Amino acid sequence: MSDEIEWWEYDDAAEMAAAVADDIGFIIESAIDARGAAVIALPGGKTPLPIYDKLSSAKLEWKRVTIIPGDERIVPLGDPLSNVTALAKFFLPKGARVMPIVPHAIEDYKAAGRSADALMQDLHWPLDLCLLGVGSDGHTASIFPGPDYDEALTGPKERRALGVMPDPMPADAPVPRVTLSMAAITAARALMIAVAGKEKRAVVEAAIKEGKSSKSPIGQALARTELPVDIHWAPN
Ligand SMILES: O=C(O)[C@H](O)[C@@H](O)[C@H](O)[C@H](O)COP(=O)(O)O
């Protein structure tokens, strides 16, 4: 269990975006100083879009930065639900390498997961940063209750990505997914969460209280990491 969970509260989404973008920029610069390159995983969904807008305007050596989506919906590239398509809009023009983890929408979600896992081998591990979002049902990345939940939580450490069929399906994007495994997420050098709204705050607070026995994916992420975790929160 992370024994250092710190909440950072902001007045609004813009203030949160500026602070989180600064923190990510610092992590990227430190990795480039240390190793000449940075590899980060960023979440999908709507909450982080202002963060990406701010971060993409930062003066960084973007050519040395690789960005992967921490999870992907199994849809064609360019689809409005595609997480990497949203990331690419912000960061490709800057010169970053934005890596699709589901380059082709295929029927077999398990095979999509295996292929994403193979792609991960090209990257430097552990990740320099994994930024997580949280759904109001408690999911994080695309770790959802359902037939793949155990594999996502406790699969072999070497498995960095896998296919997931959420059950129940999330209403806002009811499609199978590929996600980083809990092992890959919790092994990152830095773990940060960005959430908005009272409902999600209550979900995260409950997950922290439940600790190791938490049934929610975000609770399991917090229970399984040894890292300090910053949780950034804005009311909207
Ligand atoms: O692709 C995804 O579905 C995500 O990466 C997911 O984990 C997301 O972070 C949450 O669902 C929050 O999404 P919102 O910010 O849109 O509420």
Side-chain angles (χ1 to χ4, degrees), residues 10 12-14 16-17 20-21 24 40-55 67-91 98-102 105 109 112-113 116 127 129-146 148-149 152-153 160-182 184-186 188 191-204 207 216-222 229-236:
Y10 305 95
D12 54 35
M16 176 163 89
V20 176
I24 299 176
I40 63 173
L42 297 178
K46 299 203 169 49
T47 312
L49 298 178
I51 299 173
Y52 301 158
D53 191 35
K54 238 4 218 178
L55 178 63
I67 299 174
I68 59 167
D71 69 308
E72 186 58 284
R73 291 87 178 261
I74 304 183
V75 293
L77 290 177
D79 188 284
L81 289 181
S82 159
N83 286 339
V84 81
T85 300
L87 290 169
K89 278 188 192 136
F90 288 102
F91 299 107
V98 182
M99 201 176 102
I101 62 173
V102 181
Y109 75 96
L127 297 168
L129 165 73
C130 183
L131 175 66
L132 293 173
V134 180
S136 37
D137 57 0
H139 79 262
T140 193
S142 274
I143 302 184
F144 285 87
D148 313 291
Y149 195 37
L153 293 185
R160 293 167 176 144
L162 70 154
V164 169
M165 183 67 77
D167 184 13
M169 276 287 181
D172 54 342
V175 290
R177 319 290 188 100
V178 164
T179 187
L180 288 180
S181 65
M182 195 57 92
I185 291 171
T186 54
L191 198 53
M192 279 164 51
I193 296 172
V195 278
K198 283 200 181 121
E199 190 189 7
K200 287 190 188 174
R201 183 179 179 131
V203 167
V204 178
S216 74
I218 189 61
Q220 285 302 316
L222 291 166
V229 181
D230 286 336
I231 305 177
H232 299 270
W233 180 83
N236 51 34

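Keep in mind the model is a prediction, meaning the values are calculated, not measured. Each ligand, and each atom within it, is numbered from 1 in the order the structure gives.
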Looking only at heavy atoms, is any part of Asn83 under 4.0 Å from ligand 1, and if so is it the side chain, the backbone, or both, or is it neither?
->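 Under 4.0 Å from ligand 1, Asn83 contributes side-chain atoms alone.
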Where does Val134 meet ligand 1, judged by heavy-atom distances below 4.0 Å: at the side chain, the backbone, both, or neither?
->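 Within the 4.0 Å criterion, Val134 contacts ligand 1 through backbone atoms alone.
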Contact check, side chains of Thr47 and Val195, non-hydrogen atoms, under 4.5 Å =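 Thr47 does not reach Val195 side chain to side chain.
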Given Ala194, Pro43, Pro170, Gly45, which has its nearest heavy atom closest to atom 13 (O) of ligand 1?
->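 Closest candidate by heavy-atom distance is Gly45.
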Pick whichever of Pro166, Gly133, Ser142 has a heavy atom sitting closest to atom 9 (O) of ligand 1.
->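 Looking at heavy atoms only, the winner is Gly133.
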So, does Lys200 sit close enough to ligand 1 that a heavy atom of it is under 4.0 Å from the ligand?
->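 Within the 4.0 Å threshold, so yes.
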Under 4.0 angstrom from ligand 1, any heavy atom of Ala141?
->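 Yes, that is the case, since the closest heavy atom of the residue is under 4.0 Å from the ligand.
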Is the backbone N or O of [Y] less than 3.5 Å from a side-chain atom of [X], with the two atoms forming a donor-acceptor pair by type?
{"X": "Ser181", "Y": "Ala161", "result": "no"}
{"X": "Glu72", "Y": "Pro100", "result": "no"}
{"X": "Ser142", "Y": "Thr179", "result": "no"}

What protein heavy atom lies closest to [atom]? Include the residue and the distance to one decimal.
{"atom": "atom 15 (O) of ligand 1", "value": "Thr47 OG1, 2.5 Å"}
{"atom": "atom 8 (C) of ligand 1", "value": "Gly44 O, 3.8 Å"}
{"atom": "atom 11 (O) of ligand 1", "value": "His139 NE2, 2.8 Å"}

What's the spacing between Ile24 CD1 and Leu42 CG if we round to 0.5 Å?
->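 Nearest 0.5 Å value for the CD1-CG distance: 5.5 Å.
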Keeping to residues at least two apart or across chains, list the side-chain hydrogen bond (donor to acceptor under 3.5 Å, both in side chains) pairs with something in residues 130-139.
->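 Passing the test, one end in residues 130-139: Asp137-His139.
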Please collect all side-chain hydrogen bond (donor to acceptor under 3.5 Å, both in side chains) contacts where either partner lies in residues 195-204, sequence neighbours excluded, each pair once.
->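 Residue pairs with at least one partner in residues 195-204: Glu9-Arg201, Arg201-Glu205.
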Geometric N/O contact Pro48 with ligand 1, under 3.5 angstrom =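 By distance alone, the answer is no.
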Nitrogen or oxygen of Arg177 less than 3.5 angstrom from that of ligand 1 =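 Among all N and O atoms of Arg177, at least one is under 3.5 Å from an N or O of ligand 1.
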Of all the atoms in ligand 1, which lie at a distance below 4.0 Å from a heavy atom belonging to [X]?
{"X": "Lys46", "result": "14 (P), 15 (O), 16 (O)"}
{"X": "Asp71", "result": "1 (O), 2 (C), 3 (O), 4 (C), 5 (O)"}
{"X": "Arg73", "result": "1 (O), 2 (C), 3 (O)"}

Which pair of heavy atoms, one from Pro43 and one from Leu131, lies closest together, and at what distance?
->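 For Pro43 versus Leu131, the nearest heavy atoms are CD-O, 3.2 Å.
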Using the ring of each side chain (for Trp, its six-membered ring), is Tyr10 parallel, tilted or perpendicular to His232, with breaks at 30° and 60°?
->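 Parallel, since the angle between the ring planes stays under 30°.
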